[in-house]
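If you're wondering where the values come from, they're calculated on a predicted model, not measured in any experiment.
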Amino acid sequence: MSRTHEVTNQVPPLIGHDPIAGDAALAEACIRHAGARTLESLAGLGRLAGSEQAQEWGRLANENPPKLRTHDRYGHRVDEVEFHPYWHDLMRTAVENGLAGAPWAAAQAGDRHAHVRRAVGYFGWTQVEMGHGCPTTMTYAAVPALRRSPELAARFEPGLTATAYQFGLAEPTGKRGLIAGMGMTEKQGGSDVRANTTRAVPQDDGSYRLTGHKWFTSAPMSDLFLVLAQLEEGVSCFAVPRVLPDGSRNVFRLQRLKDKLGDRSNASTEVEFEDTAAWLVGEPGRGVPAIIEMVNMTRLDCVLGSAATVRAALTQAIHHARHRRAFGAMLVDQPLMQNVLADLAVESEAATALVVRLAAAVDAGESAFLRLAGAAAKYWVCKRTPGVVAEAMEVLGGNGYVEESGLPRLYRQSPLNSIWEGSGNVIALDVLRAMGRSSDTLAAVSAEIELARGLDHRFDDAVKRLHDELGDPDQLPFRARRIAGQLALCLQGSLLLRHAPAAVADAFCASRLGGHGGGVLGMLPATAAVGAIVERASIVTV
């Protein structure tokens with residue numbers, strides 16, 4: 001019997017690696033945009049992210065989803081959510097390492113690379129577990145929106161930008177650190193936020209009272225929420241704290257937790273407001289522009305989260321292929337497997353280069369570039385992620401289909417960012433909107449693309465096709481997806497041609513721009529330097 005249980009040809013656990021400094025594409029992008037010291041400042045976070053301890057935090061936080069407690073034992077309404085202890089370890093690590101609101105304060109204090117540092121850290125740390133990235137993101141994104149109302153910013157921003165994590169409902173200004181959430185989606189509206197039916201009534205003291213039902217509100221144990229509601233002037237943005245200045249709890253009735261495909265460690269709820277106290281953010285009737293300040297930053301993290309998901313799946317695939325034998329050779333040495341792994345690596349490096357460039361645009365105040373490039377990247381990178389993760393799962397075969405491998409968790413997570421904050425059609429149309437409202441946006445993105453003009457004829461041809469598409473006014477909404485995708489590919493191509501090794505850039509141009517790819521990964525041309533590409537994508541252990 002014991003002979004049948006001898007374990008051979010199985011892959012060792014993937015532990016002891018560094019998904020930040022050990023990722024060549026990510027590390028180089030960090031140094032390129034923010035310098036070596038920025039990368040060095042993330043050394044401890046990278047080592048922790050690749051440790052067995054952190055991976056256990058992520059696994060158990062995901063396997064033990066949050067629980068809703070609407071009432072206490074005496075029948076009092078409490079509207080609280082309980083999380084596994086490891087969820088708090090994940091959150092604490094993120095906040096203490098500056099991955100939430102801290103970059104806004106750091107930038108004001110003179111750190112010119114605060115947002116790149118935060119993006120690179122977020123990219124590496126969320127590979128441990130993606131669900132806690134949601135409240136981390138919303139805390140980061142709430143700050144610029146809140147600044148539309150200086151009094152509210154003065155009240156809440158010190159807590160939102162702090163590097164202290166303090167869970168539990170308490171009066172916000174008395175806490176060492178705050179977490180923020182967002183509530184836009186309603187049953188009848190979805191992405192159509194102007195269909196919002198929540199009503200706001202002004203009060204004599206300058207506050208408002210909200211009544212309505214929010215269909216999807218994530219991280220309900222956050223301290224502060226930005227929500228949309230109707231005034232006579234139109235849709236307006238409001239700040240809604242869970243606990244009021246006098247220490248009493250605001251009306252924030254949690255109806256149920258959503259049973260989601262992925263993101264299971266994070267609580268997402270339906271919330272009812274009934275005379276819920278709120279304070280106006282920005283001007284009456286200008287709620288959509290106000291909330292867009294927050295949405296633009298969550299959009300950056302949609303791309304970050306998807307690029308991190310792709311990288312996590314690629315890391316698993318290469319690790320498996322380097323330790324598994326099949327048909328007389330290691331998988332990583334099999335020609336067709338090399339093609340698949342190299343194609344996965346090209347996809348990952350292109351996404352990584354683009355998203356760190358977006359973060360650098362935040363540091364540099366390149367709002368026009370960020371407005372259009374962020375939308376195109378959100379559409380393309382997030383849309384590509386499920387297929388990429390599925391291909392990585394196939395590298396592991398049946399082992400990848402089993403929960404212990406971690407790939408099913410990544411696969412369930414993979415569609416989220418393409419749906420959240422506007423699904424594919426909404427974002428593709430927003431690409432058109434971003435170009436149509438200001439010539440500055442297209443000019444800024446075109447200038448970035450043009451930096452690689454002449455470096456590769458396939459890239460030059462792709463740029464010409466893009467200009468032809470943009471110059472044709474016929475049926476633009478019908479063609480919005482193609483335009484958004486071409487824009488993202490040209491941006492990625494420009495970045496890789498200028499900054500990636502020739503093997504990576506050539507494979508990208510051949511497969512994504514030159515017609516030598518296909519509808520699935522693993523169709524690189526025979527001339528691709530697949531061995532060099534896979535070697536570059538292999539994560540360095542610590």
To the nearest 0.5 Å, how far apart are [atom1] in [X] and [atom2] in [Y]?
{"X": "M91", "Y": "M221", "atom1": "CE", "atom2": "CE", "value": "11.5 Å"}
{"X": "L280", "Y": "L231", "atom1": "CG", "atom2": "CG", "value": "6.5 Å"}
{"X": "E274", "Y": "T211", "atom1": "CD", "atom2": "OG1", "value": "6.5 Å"}

Looking at [X], I'd like to know if its [atom1] atom is crowded, meaning that more than 12 non-hydrogen atoms belonging to other residues, nucleotides or ligands lie closer than 6.0 Å.
{"X": "E52", "atom1": "CD", "answer": "no"}
{"X": "R286", "atom1": "CZ", "answer": "no"}
{"X": "D204", "atom1": "CG", "answer": "no"}

* Asked: Where do N296 and L370 land on the side chain to side chain contact (heavy atoms under 4.5 Å, CB included) test, with the steps shown first?
  -> CA-CA 8 Å; N296 282 338; L370 190 63; 5.7 Å; no
* With sequence neighbours excluded, what pairs up with N425 under the side chain to side chain contact (heavy atoms under 4.5 Å, CB included) test? ->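 Listed in chain order: R481.
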* Report the residues that fulfil side chain to side chain contact (heavy atoms under 4.5 Å, CB included) with M393, sequence neighbours left out, ordered by chain and then residue number. =>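 With neighbours one apart ignored, the set is Y401, L407, Y411.
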Does any donor atom in the side chain of [X] or [Y] lie under 3.5 Å from an acceptor atom in the other side chain?
{"X": "Q230", "Y": "S236", "answer": "no"}
{"X": "T173", "Y": "R155", "answer": "no"}
{"X": "E270", "Y": "H213", "answer": "yes"}
{"X": "H132", "Y": "W125", "answer": "yes"}
{"X": "S405", "Y": "Q316", "answer": "no"}
{"X": "R209", "Y": "S207", "answer": "yes"}
{"X": "E186", "Y": "T197", "answer": "yes"}
{"X": "T269", "Y": "K258", "answer": "no"}

Looking only at non-hydrogen atoms, find the nearest pair between [X] and [Y] and report the distance.
{"X": "A145", "Y": "A290", "answer": "CB-O, 3.5 Å"}
{"X": "I427", "Y": "E421", "answer": "CD1-O, 3.6 Å"}
{"X": "L224", "Y": "P241", "answer": "CD1-N, 3.9 Å"}
{"X": "A114", "Y": "P103", "answer": "CB-O, 3.6 Å"}
{"X": "L228", "Y": "K214", "answer": "O-NZ, 2.7 Å"}
{"X": "P202", "Y": "A200", "answer": "CD-O, 4.1 Å"}

* Which of these, D430, V445, L442, sits in a side-chain contact (heavy atoms from CB on, under 4.5 Å) with M435? ->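 Going through the options one by one, the only one that passes is L442.
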Can any side-chain N or O of [X] pair as donor or acceptor with the backbone N or O of [Y] at less than 3.5 Å?
{"X": "N97", "Y": "L99", "answer": "no"}
{"X": "S149", "Y": "G282", "answer": "yes"}
{"X": "S306", "Y": "V303", "answer": "no"}
{"X": "K175", "Y": "G168", "answer": "yes"}
{"X": "E129", "Y": "G131", "answer": "yes"}

* **Residue pairs fulfilling side chain to side chain donor-acceptor pair (under 3.5 Å) with at least one residue in residues 359-370, sequence neighbours excluded** =>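 Those involving residues 359-370 are R357-E366.
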* Asked: Can you list every side chain to side chain donor-acceptor pair (under 3.5 Å) pair that touches residues 103-116, not counting sequence neighbours?
  ->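 Matches after skipping sequence neighbours: H115-Y140.
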* Asked: Are E63 and R59 within salt-bridge range, i.e. N to O under 4.0 Å?
  ->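 Looking at R59 together with E63, the answer is yes, because their closest N to O distance falls below 4.0 Å.
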* Inspect the contact between E80 and R242 and indicate whether a charged nitrogen and a carboxylate oxygen are less than 4.0 angstrom apart. =>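 Judged by the 4.0 Å cut-off on N to carboxylate O distance, R242 and E80 do not form a salt bridge.
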* Please report the C-alpha distance between D259 and R264 in whole Å, then the side-chain angles of each, then the deciding distance to 0.1 Å, and finally whether the salt bridge (charged side-chain N to carboxylate O under 4.0 Å, His left out) criterion is met. => CA-CA 8 Å; D259 188 6; R264 299 189 70 85; 3.1 Å; yes
* To do: Would you list the pairs meeting ring-ring contact (aromatic ring centres under 6.0 Å, His included) in which at least one residue belongs to residues 229-253, sequence neighbours left out?
  =>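 Sorted result for residues 229-253: Y208-F238, F225-F252, F252-F273.
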* For the pair V78 and R249, evaluate side chain to side chain contact (heavy atoms under 4.5 Å, CB included) and give the outcome as yes or no after the intermediate values. => CA-CA 9 Å; V78 293; R249 292 195 178 187; 3.9 Å; yes
* **Parallel, tilted or perpendicular, as decided by the 30° and 60° cut-offs, for the rings of W87 and F83** =>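 Correct class here is parallel.
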* To do: Not counting sequence neighbours, which residues clear ring-ring contact (aromatic ring centres under 6.0 Å, His included) with H84? List them please.
  =>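 For H84 the ring-ring contact (aromatic ring centres under 6.0 Å, His included) partners, ignoring immediate neighbours, are Y86.
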* Let me know which of T126, T385, D263 forms a side chain to side chain donor-acceptor pair (under 3.5 Å) with Q413. =>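 Output: one option passes, namely D263.
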* **Chi angles and distances behind the side chain to side chain contact (heavy atoms under 4.5 Å, CB included) call for F123, D23** => CA-CA 11 Å; F123 186 108; D23 178 347; 3.9 Å; yes
